[in-house]
Protein chains: 2
Amino acid sequence: MQRSRPAPPSLPSRPTRTDARRNYDSLVAAADELFGERGTDVPLDDVVRRAGLGSGTLYRHFSSRDALMAAVFWGRIEALCKEADRLLLADSPVEGIVTWLRSLIGLTMRRGLAAALAADNKDGGSELFRYCRQALDTAATPLLRRAKEDGAFHPDLEVSDLITFTHAIAVAAERAPDSEEHADRLLRMLLDGLRTRDKPTARL
Amino acid sequence: MQRSRPAPPSLPSRPTRTDARRNYDSLVAAADELFGERGTDVPLDDVVRRAGLGSGTLYRHFSSRDALMAAVFWGRIEALCKEADRLLLADSPVEGIVTWLRSLIGLTMRRGLAAALAADNKDGGSELFRYCRQALDTAATPLLRRAKEDGAFHPDLEVSDLITFTHAIAVAAERAPDSEEHADRLLRMLLDGLRTRDKPTARL
DNA sequence: ACCTGAACACCGTTCAAGT
DNA sequence: ACCTGAACACCGTTCAAGT
């Protein structure tokens, strides 16, 4: 049950040499800051400049913008996957997965992460993002299965589709002033159905 | 009831001079082809080259890539808006809007249009895309209102959210081999709820 | 008025020289 | 081993010269 999760295919590992590791960390820290301030499409040159390094150093450690993004976000994604494991022990299967979906939205909303992960669907997406998606899918699978076994979710629902919808919520709520509440409202509607339940009083 | 829909704020109008109009049309045609073949992020230089023109001509007619995309897609979006008007006369309010949502997915799936419209949420989005979104919102509003009056949709549901979810479906189904069916399945689940209905047999 | 294409700017990426 | 920064490539955008 404690099987370790493998690292992404090409996630650059932290170097061992002291100066190299310091540079690596500076780059990740600078990128984290700038991604937050100005979005994940900030010029890499600015990341390099804030880290006080040469541009070649960035490419030594990160083969692409995606690799840098993965290094910045991977820690948080991993934490989210661990949370999924913990939530398997929740009293209510439904509460377990809903709590997790809220956490997912909390991570992806802002920062443009949701849009990046959602857009990654297309074949052109990078290997690293596909790996992030897959890690989230894998983590959520037992949560969803448990909820299905409880009869609480549509049997045809696939994890990847559930997460895709969740990304849509994050993207949509991102612009709203009360993004938290807006996201919650959308999540509730998504789970309960945009159509009202068939009640005796409603026709059809 | 026949109120005319205003043109987008900066949608470039077709020039009157014969040679200019021919160039304009060549650019739109070339862009339409290349967007279909290689995605909407194809280099503008290639569009210019296929049209057999100078690069300055493109910028004379289209102030940005978005303006070009708008010119390419605006006709189809307008047609979709008109379809919404027609569907207001459908026998069943629910069928009316569901049919329209299917058409919307049909337009946005492939071509990366769904991703572009969805990503446009963020403030950085262009004025033209915001206009496209708004045109779709405006067209769908009476359809949704009618369905709500019929008691078929959640009263809290906003048009923009419904369309956002629909974009998510288009993005998600785009990669699937059987995209049409996949999209249909997701749409059905979205409307009916990802959670199963509360049945006497299911607990909670 | 409109068109052309060379020139410019921006940014990602590489690589020779240096530590 | 790793770092630097100049050099290169790509692509969007402008503009002087031409019709």
Side-chain angles (χ1 to χ4, degrees), chain A residues 10-31 33-35 37-72 112 116 119-120 124-129, chain B residues 10 12-31 33-35 37-72 112 116 119 124-129:
Chain A
S10 322
L11 186 67
S13 49
R14 249 169 117 245
T16 50
R17 233 177 71 169
T18 320
D19 57 341
R21 192 168 55 222
R22 192 181 49 233
N23 288 339
Y24 177 99
D25 290 341
S26 301
L27 286 165
V28 171
E33 286 173 26
L34 285 170
F35 286 174
E37 292 169 18
R38 296 162 49 195
T40 49
D41 54 349
V42 73
L44 293 180
D45 236 28
D46 293 3
V47 174
V48 166
R49 207 170 301 126
R50 176 161 310 194
L53 300 170
S55 52
T57 307
L58 189 149
Y59 289 95
R60 165 164 288 270
H61 292 301
F62 308 99
S63 54
S64 66
R65 174 186 298 274
D66 285 345
L68 181 58
M69 287 182 67
V72 168
D120 186 54
S126 84
E127 191 186 11
L128 279 163
F129 270 1
Chain B
S10 322
S13 49
R14 248 169 117 243
T16 50
R17 234 177 72 168
T18 321
D19 56 342
R21 191 168 55 224
R22 191 181 50 234
N23 287 340
Y24 177 100
D25 290 342
S26 300
L27 286 165
V28 172
E33 286 173 26
L34 284 170
F35 286 174
E37 294 169 16
R38 294 162 51 196
T40 49
D41 55 348
V42 74
L44 293 180
D45 235 29
D46 292 3
V47 174
V48 166
R49 207 171 300 126
R50 175 162 309 193
L53 300 171
S55 53
T57 307
L58 188 147
Y59 288 95
R60 163 166 289 270
H61 293 302
F62 309 99
S63 54
S64 64
R65 174 186 296 273
D66 286 345
L68 181 58
M69 286 183 68
V72 168
S126 85
E127 192 187 9
L128 279 163
F129 271 2

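Below, chain A is the first sequence line, B the second, and so on; all start at residue 1.
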Range on DNA chain D touched by chain B, heavy atoms, distance below 4.0 Å = D/dC11 to D/dC15

5'-most contact on DNA chain D: B/Ser64 or B/Arg17, nearest heavy atom basis?
-> B/Ser64

Output all residues satisfying salt bridge (Lys or Arg N to Asp or Glu O under 4.0 Å) with A/Arg65, sequence neighbours left out; order by chain, then residue number.
-> none

What's the shortest heavy-atom distance between B/Leu27 and B/Thr57, and which atoms?
-> CD1-O, 4.1 Å

Could you pull out all residues at least two apart from B/Asp46 that satisfy salt bridge (Lys or Arg N to Asp or Glu O under 4.0 Å)?
-> B/Arg38, B/Arg49

Quick one: list whatever passes side-chain hydrogen bond (donor to acceptor under 3.5 Å, both in side chains) with A/Arg17, sequence neighbours left out.
-> A/Asp19

When rounded to the nearest 0.5 angstrom, what is the spacing between OG in A/Ser55 and CG in A/Asp45?
-> 6.5 Å

May I have the step-by-step check of side chain to side chain contact (heavy atoms under 4.5 Å, CB included) for B/His61 and B/Leu68, ending in yes or no?
-> CA-CA 8 Å; B/His61 293 302; B/Leu68 181 58; over 6 Å; no

Near DNA chain C, which residues from residues 52-59 of chain B have a heavy atom under 4.0 Å away?
-> B/Leu53, B/Gly54, B/Ser55, B/Gly56, B/Thr57

Contact summary for B/Ala71 and B/Val28, nearest pair of heavy atoms = CB-CG2, 4.3 Å

Considering non-hydrogen atoms only, spot the tightest contact between A/Val72 and A/Ala31 and give its length.
-> CG2-CB, 3.9 Å

Base-paired stems in DNA chain D, each at least three Watson-Crick or G-U pairs under 3.5 Å = C:4-8 with D:12-16, C:12-16 with D:4-8

Contacts of type side-chain hydrogen bond (donor to acceptor under 3.5 Å, both in side chains), residue A/Arg60, not counting sequence neighbours | none

Any residue meeting side chain to side chain contact (heavy atoms under 4.5 Å, CB included) with B/Ala30, in chain and number order, not counting sequence neighbours | B/Val47, B/Arg50, B/Ala51

